[in-house]
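Following this message is one structure expressed as structure tokens.
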Amino acid sequence: MEVIIAEDQELATLVADAIERLLRSVPAPVLGLATGSSPLSVYDELTRRHEQNGLSFAEVRGFMLDEYVGLPASHPQCYRNVIDTEFASRVDFADDAVQGPDGTAADLVAASADYDRAIAEAGGIDLQILGIGTDGHIAFNEPGSSLASRTRVKSLANQTRIDNARFFDDEVDQVPQHCLTQGLGTIMEARHLMLIATGGQKAEAVHQMVEGPISSMWPATVLQMHPHATVLVDDAAASRLQLGDYYRQTYASKLDQQRL
């Protein structure tokens, strides 16, 4: 696991750089897209590169991490609408190139299996963007989730619903109680994981993810077992890291080597 501690805009630039390299070097690349506040600056930077530098997403497939169960397709907080507003509609994805789990399906178990199958048929995800919850969840894999889990129905923890109430006019009762989410096992099949975390409220989760024991109680700790995981955090989110100075030194040395 590589840990990079930098300012928020530099974090966005680093993720955008990795995505641009992928798009310019791999035919028909597949991106894993996350919602929430963490990737917004990345999407803004990619949109800028599309508009100013011609970075094209015309051959890219996109797969979302999760979706609420029961929200109508027209609801503004349906994640398919959120990702379209925040990113997909701002660049040149082909029609239907971005896909998410079907939270309105009559058979949610079958819809979950279909989603995993669709990812596999696309060749798997080349680069997956991730955020992390204050309780250590990634996607909607709440504490206690199996580290080998696949896309499935999950009940949202109370803390997650409280955290997400800001998107529902601060009314927790309006936040759905269930979701479809890629499982931790599904996420771990992506070839490169890039997780962004900013703000002091994420500090404990980041500490557990990077330096704590691997445990289903902190689902993001599963990233310790991935061969190519990059964790990008600002100073506030890094404030609980015991090896923070080492991570800064390692990243500075890497930059020095690149300049040679």
In terms of hydrophobic clusters joined by side-chain contacts under 4.5 Å, are Phe167 and Leu71 together?
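Both belong to a single hydrophobic cluster.
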For Ser146, does its backbone N or O pair with a side-chain atom of Ser216 as donor and acceptor, under 3.5 Å?
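It does not hold such a pair.
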Is the closest side-chain donor-acceptor distance between Arg152 and Thr186 under 3.5 Å?
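There is no such pair (donor and acceptor under 3.5 Å, judged by atom type) between the side chains of Arg152 and Thr186.
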Does any N or O in the side chain of His50 come within less than 3.5 Å of the main-chain N or O of Leu55, such that one atom is a donor and the other an acceptor?
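Confirmed, His50 side chain pairs with Leu55 backbone.
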Which atoms form the tightest heavy-atom contact between Ile132 and Met209, and what is the distance?
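Nearest heavy atoms, Ile132 then Met209: CD1-SD, 3.9 Å.
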Supply the atom-to-atom distance Asp163 CG to Thr134 OG1, rounded to the nearest 0.5 angstrom.
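Nearest 0.5 Å value for the CG-OG1 distance: 4.0 Å.
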Mind checking the OG1-CG spacing from Thr151 to Leu184? Nearest 0.5 Å is all I need.
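The CG atom of Leu184 is 10.5 Å from OG1 of Thr151, to the nearest 0.5 Å.
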N/O donor-acceptor pair under 3.5 Å between Glu211 side chain and Gln242 backbone
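Checking the backbone N and O of Gln242 against the side chain of Glu211, a donor-acceptor pair under 3.5 Å is found.
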With the 4.5 Å side-chain cut-off for hydrophobic clustering, are Leu23 and Leu46 part of the same group?
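Same cluster.
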Could you check if a side-chain atom of Met64 sits within less than 4.5 angstrom of a side-chain atom of Val98, using non-hydrogen atoms only?
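Answer yes - side chains close enough.
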Using the rule that Ile, Leu, Val, Met, Phe, Trp and Tyr join whenever any side-chain heavy atoms are under 4.5 Å apart, tell me whether Val206 and Val42 fall into a single cluster.
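Result: no, two separate clusters.
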Sequence neighbours excluded and cut-off under 3.5 Å, please list the side-chain donor-acceptor pairs for residues 34-41, or say none.
none

Could you grab the distance from atom NE2 of His137 to atom NZ of Lys154, nearest 0.5 Å is fine?
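Nearest 0.5 Å value for the NE2-NZ distance: 11.0 Å.
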Determine the minimum heavy-atom distance between Val233 and Leu11, stating which atoms define it.
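That closest heavy-atom pairing would be C-CD1, 3.6 Å.
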Taking side chain as C-beta onward, heavy atoms only, is His192 less than 4.5 Å from Leu22?
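With C-beta onward as the side chain, the pair stays apart.
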From CZ (Arg166) to CD (Glu171), nearest 0.5 Å
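Rounded to the nearest 0.5 Å, the CZ-CD separation comes out at 15.5 Å.
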Qualifying salt bridge (charged side-chain N to carboxylate O under 4.0 Å, His left out) pairs with a residue from residues 240-255, counting only residues at least two apart or across chains
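Sorted pair list: Glu2-Lys254, Glu204-Arg240, Asp235-Arg248, Asp245-Arg248.
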Give every residue pair that meets the side chain to side chain donor-acceptor pair (under 3.5 Å) criterion with at least one member in residues 76-89, sequence neighbours excluded.
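Passing the test, one end in residues 76-89: Tyr68-Tyr79.
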Only pairs at least two apart or in different chains count here, so list each salt bridge (charged side-chain N to carboxylate O under 4.0 Å, His left out) that has a residue in residues 113-141.
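Those involving residues 113-141 are Asp114-Arg117, Asp116-Arg150, Asp126-Arg191.
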According to a hydrophobic-cluster definition based on side-chain heavy atoms being under 4.5 Å apart (Ile, Leu, Val, Met, Phe, Trp, Tyr only), do Met194 and Val210 belong together?
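Not linked; separate clusters.
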Could you list all the salt bridge (charged side-chain N to carboxylate O under 4.0 Å, His left out) pairs where at least one residue sits in residues 36-47, not counting sequence neighbours?
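Checked against salt bridge (charged side-chain N to carboxylate O under 4.0 Å, His left out) - neighbours excluded - the pairs reaching residues 36-47 are Asp44-Arg90, Glu45-Arg48, Glu45-Arg49.
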Give me the atom names and distance for the closest heavy-atom approach of Ala18 to Leu127.
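Answer, listing the atom of Ala18 first, then Leu127: CB-CD1, 3.9 Å.
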Of Val222, Thr230, Ile125, Ile187, the residue whose pairing with Leu193 passes side-chain contact (heavy atoms from CB on, under 4.5 Å):
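It is Ile187, the one option of Val222, Thr230, Ile125, Ile187 that forms the side-chain contact (heavy atoms from CB on, under 4.5 Å) with Leu193.
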Rounded at 0.5 Å granularity, tell me how far CD1 in Ile83 sits from CZ in Phe63.
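Spacing of CD1 (Ile83) from CZ (Phe63) equals 13.5 Å.
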Is there a side-chain contact between Ser112 and Leu180 in this structure, where contact means two heavy atoms from C-beta onward sitting under 4.5 Å apart?
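Sidechains of Leu180 and Ser112: in contact.
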Between CD1 on residue Ile214 and CD on residue Gln208, distance to nearest 0.5 Å:
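Rounded to the nearest 0.5 Å, the CD1-CD separation comes to 12.5 Å.
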Taking all atoms of both residues into account, what is the closest heavy-atom pair of Arg161 and Pro176, and its distance?
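Heavy atoms of Arg161 and Pro176 come nearest at NE-O, 3.4 Å.
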Pairs in or reaching into residues 50-76: which pass salt bridge (charged side-chain N to carboxylate O under 4.0 Å, His left out), with residues at least two apart or in two chains?
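Matches after skipping sequence neighbours: none remain.
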Using modelled atom types and a 3.5 Å cut-off, is there a donor and acceptor pairing between side-chain atoms of Glu142 and backbone atoms of Ala157?
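The answer is yes, because a donor-acceptor pair under 3.5 Å joins these two groups.
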